[in-house]
Protein chains: 2
Amino acid sequence: MDVEQRISNLLKLGKLRSTSVRKLVLKEFLEAGTTAISSYEIEKKFEDLDRITLYRTLKTFEEVGIIHQAVDVSGRSKYAICSEDCSTHQHEDHHAHFYCKKCEKTVCLDNVKIPRPNLPADFQLEDSQLVLSGVCGACR
Amino acid sequence: MDVEQRISNLLKLGKLRSTSVRKLVLKEFLEAGTTAISSYEIEKKFEDLDRITLYRTLKTFEEVGIIHQAVDVSGRSKYAICSEDCSTHQHEDHHAHFYCKKCEKTVCLDNVKIPRPNLPADFQLEDSQLVLSGVCGACR
DNA sequence: TTTGCAAATGCAACATTGTTACACTTTACA
DNA sequence: TGTAAAGTGTAACAATGTTGCATTTGCAAA
């Protein structure tokens, strides 16, 4: 399936209108693949893209489960496109991310399983994220 | 050992001067125990505490390993006092934290072990944090 | 195809947090 | 007890998050 088609499908699945900003942003996420990108990075790439609209676009995408937030230690919130695996889990976040301290990139590690930790009995676990950091292969 | 003594010891260990702000902030962390607190929370509690000084105090405490940063999904950076266990690991961050979506508190789970994930061979892992969220016992 | 309405956008405005520079104050030690 | 270095407070600015409101746009029904 080509990119345009995938974008169209994702928006339909999320019951979102097809607008130029959304298509543009979604294309970025599809191209980024497993790399989580920040609002800042998208802003820099498209200088005439309104910051507030972008903020709301990301928020909307997250709400409908097109993207998920990747927590990392940089303090900057980043997002990555959800894999199919993600959507089959009813958009629960059980992601592992690796943050490279050198290139500051965050990549989703779909193949790393997060074990269920044994919490106190009365705690109700909803999401879990494993935040790893260090130096990635490309930077060594 | 009483609190004053512990504060004094921690500052000496970090080779930091004993000042009123530092003693005040450190006392908060000791009282908070395993609960991670944000700059904002400390600010609210002590209204005449200078925001920038607090920022630098937290930064300094983190650098010398008195406190560690707790990543959570709130976007607000939080810190908690390091357990002895923490300092014996040369201040590497291998923490598990639970964030309650209701009371917005973050607690350190010292007893939850983070398993070493199998990363691509050329990745160099330095820190790992397990970020759990849901509803805590007190809020149910 | 046109049209109306809800959704989406862009702008203004403001809050919070992070960060540095610089002058002033305080601590700790000689 | 005086002094140098460390710490503090003020100012100033950047980045990001967030809401209100007027305008524009997408889309579906007429």
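Basis for what follows: all heavy atoms, side chains included, without hydrogens, waters or symmetry-related copies. We name chains A, B, ... by the order of the sequence lines, and we start the count at 1 in each one.
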- prompt: Once you round it to whole Å, what is the distance between C1' of D/dT10 and CZ of B/R56?
  reply: 10 Å

query: Could you give the CD-to-C1' distance, from A/E43 to D/dA14, as a whole number of Å?
result: 12 Å

task: On the 0 to 90° scale, with breaks at 30° and 60°, tag the A/H97-A/H68 ring pair as parallel, tilted or perpendicular.
output: parallel

statement: From the list A/D72, A/T35, A/T34, side-chain hydrogen bond (donor to acceptor under 3.5 Å, both in side chains) with A/T106 holds only for A/D72

message: At less than 4.0 Å, is any side-chain N or O atom of A/Y55 found next to OP1 or OP2 of D/dT18? Yes or no.
response: yes

- request: On DNA chain D, check which nucleotide each of B/T57 and A/R76 is closest to and give me the residue with the more 5' one.
  value: B/T57

- prompt: What's the CD1-P distance between A/I52 and D/dA22, to the nearest Å?
  reply: 17 Å

B/Y40 side chain near C/dT16 phosphate (N/O to OP1/OP2, under 4.0 Å): no

task: Remember a base hit wins even if backbone is also touched, and classify B/T19 as base, sugar-phosphate or nothing at under 4.0 Å, heavy atoms.
output: sugar-phosphate

- request: Quick one: do A/E41 and A/S38 satisfy side chain to side chain donor-acceptor pair (under 3.5 Å)? Show the steps, please.
  value: CA-CA 5 Å; A/E41 287 168 277; A/S38 64; 3.0 Å; yes

field: Salt-bridge criterion met for B/R51 and B/E43 (N-O under 4.0 Å)
entry: no

query: At under 4.0 Å between heavy atoms, what does A/S18 touch on the DNA or RNA strands: base, sugar-phosphate, or nothing?
result: sugar-phosphate

- request: In whole angstrom, give the distance that lies between atom CZ of B/R17 and atom P of C/dT27.
  value: 9 Å

- line: A/K59 atom NZ is separated from C/dA7 atom C1', nearest whole Å, by 16 Å

- line: Result for 5'-nearest mapping on DNA chain C, choosing between B/R51 and B/S20, is B/R51

task: Please check if the side chain of A/T57 supplies one atom and the backbone of A/T53 the other of a donor-acceptor pair under 3.5 Å.
output: yes

field: Euclidean distance, atom CG of residue B/L58 to atom P of C/dT17 [Å, nearest integer]
entry: 12 Å

- prompt: Which whole-number value in Å describes the distance from A/L54 CG to C/dT9 C1'?
  reply: 12 Å

task: Indicate whether OP1 or OP2 belonging to D/dG17 is found under 4.0 Å from a side-chain N or O atom of A/S77.
output: yes

- request: Could you tell me the separation between the CG atom of A/L49 and the C1' atom of C/dT9, rounded to a whole number of Å?
  value: 11 Å

